[in-house]
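This one's a predicted model, so the numbers in the text were calculated from it and none came from an experiment.
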Amino acid sequence: MGDYQFLMLKDAITCINQKVNLFAVILDFTLPQRTKGTDYFCKLKVIDESHSEFSVPVHVFAQEIDGLPLVASVGDIIQLSRVTMTVHEGDVYAIFNKKFSSFALYDGKDGDNFHPYKVSLRFHAREHDEKIIASLRKWLASSEVIDVPNFSLLREIDRVVCVNLVCKVLHISKTTNDKWMVFLWDGTDAPPISIYNNMLHRLEDELHNPLPLHFEPLPPSRDVLCTFPTVGTILRVILDVDCVTYILHLLKVDQWMKFFHVFCKMHDGLWYGVFTSSSMIRDIPNDDILIFERQSNCDQRSLGELDRMPYWSCPWPSKITEVKRIDVPFSTLMDVLTCKKETNNFRCVVRFVAVIPWRVEDFRAPCGAYRVRFTLEDPTGRIHAYAHAENGEGFFNCSSTDALKRKVIKLLGVPVSRDGEAITGGARNPPWVQCYLKSNPIKQRHWVFETKLLG
């Protein structure tokens with residue numbers, strides 16, 4: 001075949017064991033991966049007007065990651081020169097040989113820019129390239145061969161599932177177990193998770209096996225934490241891929257990006273994500289409607305008092321607690337954690353997810369004063385808050401041990417039988433309740449006060 005002859009896919013798939021030149025639209029692609037040797041490879045799926053019902057796979061090999069066609073978006077156009085058509089078990093695909101093949105990548109959107117945004121070393125532009133690219137763009141714009149993916153909000157995650165997300169990258173860090181973690185946010189509240197009384201985190205063993213305050217082994221520094229938004233869940237996502245350096249290069253802190261095929265999972269009542277070799281990242285224009293919708297929702301929540309309540313507590317939290325100061329605006333636990341004042345008071349809507357000590361008979365110290373530590377959570381975080389001495393007297397508001405036990409069981413969401421006895425081993429689903437907090441965020445000390453547990 002002549003070096004300047006380009007084939008349609010329907011003709012190329014008949015040229016088995018021959019080198020061909022192609023222009024095609026990218027329907028799908030994978031992240032770079034290592035071969036069993038020293039090379040890197042990725043897989044593309046391509047179509048054109050002659051072969052749009054079924055894609056043709058392309059396997060690309062290169063000595064370095066940068067030698068691969070690092071595609072910006074599905075729907076972009078690739079020019080492939082001297083790729084070998086091969087058949088295996090009845091399936092036809094093209095192989096890009098690092099020694100003699102070449103490629104160029106072009107934006108798939110209709111327009112006057114015909115300059116490739118990435119090329120391989122042996123690429124040479126040809127006289128009729130622009131005409132072919134324009135024809136492919138016109139066909140692509142008039143067809144519906146590229147599916148528009150659905151994107152979920154964090155508040156729409158209701159089970160362990162693989163999702164597509166549009167999120168802002170807030171922070172990237174390396175954890176103590178040598179894994180890279182990305183902090184993602186879209187301004188919405190992930191749903192609360194029932195806490196299972198499993199062997200590792202039984203409610204009565206909180207002292208020795210406490211529920212963690214955060215998913216990562218060590219939390220971000222206070223300086224980093226103070227840069228985070230104070231409404232909406234921040235999803236921690238582990239990068240579980242071989243090409244971590246390449247992914248880190250793609251990520252842009254403080255920018256909105258599209259994330260495809262992220263696995264959302266649960267750990268100790270906390271959501272987290274896993275970015276695998278099947279996941280993908282894409283840039284997104286700053287004027288995209290998906291960004292506008294998320295940012296405007298967040299701006300509204302930041303301004304409105306009731307909008308700072310957890311989404312899942314609507315229309316109003318449970319009335320098993322009562323706060324004295326109803327004139328104080330609502331705050332999130334991230335407001336508490338990032339407050340720059342040495343001491344401040346906050347009115348929050350939270351869940352009481354754990355307590356030390358577990359037995360209400362042990363709530364008082366030998367001197368008779370209350371000494372209780374609760375773990376509180378909302379969609380923005382978890383904290384420890386103490387009910388001590390006179391603040392404990394005001395909160396528990398009870399002289400009978402049996403009555404106090406019933407109140408605490410209800411506060412912690414412990415399932416009960418028809419006769420009111422706690423069911424051991426059942427999933428706990430603590431209610432959303434109002435709570436007034438006195439806080440010293442600098443010293444990370446928080447106290448429950450001016451709040452009464454009604455039961």
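- Listed by chain and number, the residues in a side-chain hydrogen bond (donor to acceptor under 3.5 Å, both in side chains) with Y106 are Q79 (sequence neighbours excluded).
- For D335 and T332, the side-chain atoms include at least one donor-acceptor pair closer than 3.5 Å.
- Ion pair D327/R325 flagged as a salt bridge, since at least one NZ, NE, NH1 or NH2 atom sits closer than 4.0 Å to an Asp/Glu carboxylate oxygen.
- For Q434, the side chain to side chain contact (heavy atoms under 4.5 Å, CB included) criterion is met by W316, P317, T321, V323, F330, R347, V349, not counting sequence neighbours.
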**Item:** Test side chain to side chain donor-acceptor pair (under 3.5 Å) applied to R34 and Y40, step by step
**Value:** CA-CA 4 Å; R34 276 192 178 276; Y40 291 86; 2.8 Å; yes

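- Atom CG of L105 and atom OG of S120 lie 9.0 Å apart (nearest 0.5 Å).
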**Request:** Please assess F103 against F123 for the test ring pair (Phe, Tyr, Trp, His ring centres under 6.0 Å), listing each intermediate value before the final yes or no.
**Result:** CA-CA 6 Å; F103 71 81; F123 169 73; 8.5 Å; no

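- Ion pairing between K179 and D240 holds under the 4.0 Å rule for side-chain N and carboxylate O.
- Taking a cutoff of 4.0 Å between a charged side-chain nitrogen and a carboxylate oxygen, K405 and E361 qualify as a salt bridge.
- By the 4.0 Å N-to-carboxylate-O rule, R351 lies too far from D378 to be salt-bridged with it.
- Centroid-to-centroid, the aromatic rings of F151 and F260 come within less than 6.0 Å.
- Within 6.0 Å of atom CG in N286, 12 or fewer heavy atoms from other residues, nucleotides or ligands are found, so the atom counts as exposed in its surroundings.
- Contact record, N164 with P149: ND2-CB, 3.9 Å, taken as the closest heavy-atom pair.
- Here the CG atom belonging to D186 is positioned 11.5 Å from the CD atom belonging to E293, to the nearest 0.5 angstrom.
- For R364 and Y370, the side-chain atoms include at least one donor-acceptor pair closer than 3.5 Å.
- Cation-pi contact between K98 and F61: absent, since separation from the ring centre below 6.0 Å together with deviation from the ring axis within 45° is not met.
- Here the NE2 atom belonging to H171 is positioned 10.0 Å from the CE atom belonging to M181, to the nearest 0.5 angstrom.
- The aromatic ring centres of Y93 and H59 sit less than 6.0 Å apart.
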**Message:** D76 vs S73, test: side chain to side chain donor-acceptor pair (under 3.5 Å). Steps then yes/no.
**Reply:** CA-CA 6 Å; D76 283 353; S73 179; 4.8 Å; no

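- Residue Q63 places its CD atom among 12 or fewer non-hydrogen atoms of other residues, nucleotides or ligands, all under 6.0 Å distant.
- The aromatic rings of F228 and F183 sit tilted relative to each other, their planes meeting at an angle between 30° and 60°.
- The existence of a salt bridge linking K258 and D283 is excluded, since no basic side-chain nitrogen approaches an acidic carboxylate oxygen closer than 4.0 Å.
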**Message:** Quick one, L211 with I195, criterion side chain to side chain contact (heavy atoms under 4.5 Å, CB included). Give me CA distance, side-chain angles, the key distance, then yes/no.
**Reply:** CA-CA 10 Å; L211 280 176; I195 299 167; 4.1 Å; yes

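- With respect to the salt-bridge test (charged N to carboxylate O, under 4.0 angstrom), the residues D402 and R406 do not qualify.
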**Message:** Set out, in order, the CA-CA distance, both residues' side-chain angles and the distance that settles side chain to side chain donor-acceptor pair (under 3.5 Å) for T230 and R308, then state yes or no.
**Reply:** CA-CA 9 Å; T230 56; R308 297 188 80 78; 2.8 Å; yes

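- Comment: R382 engages E377 in a salt bridge, judged by a side-chain N to carboxylate O separation of less than 4.0 angstrom.
- Defined by atom type and a distance below 3.5 Å, a donor-acceptor pair is present between the side-chain atoms of H446 and S439.
- For Y436 and F346, the distance between ring centers is not under 6.0 angstrom.
- For F395 and F374, the distance between ring centers is under 6.0 angstrom.
- For residues 210-228, the set of pairs meeting the salt bridge (Lys or Arg N to Asp or Glu O under 4.0 Å) definition, not counting sequence neighbours, comprises E216-R236.
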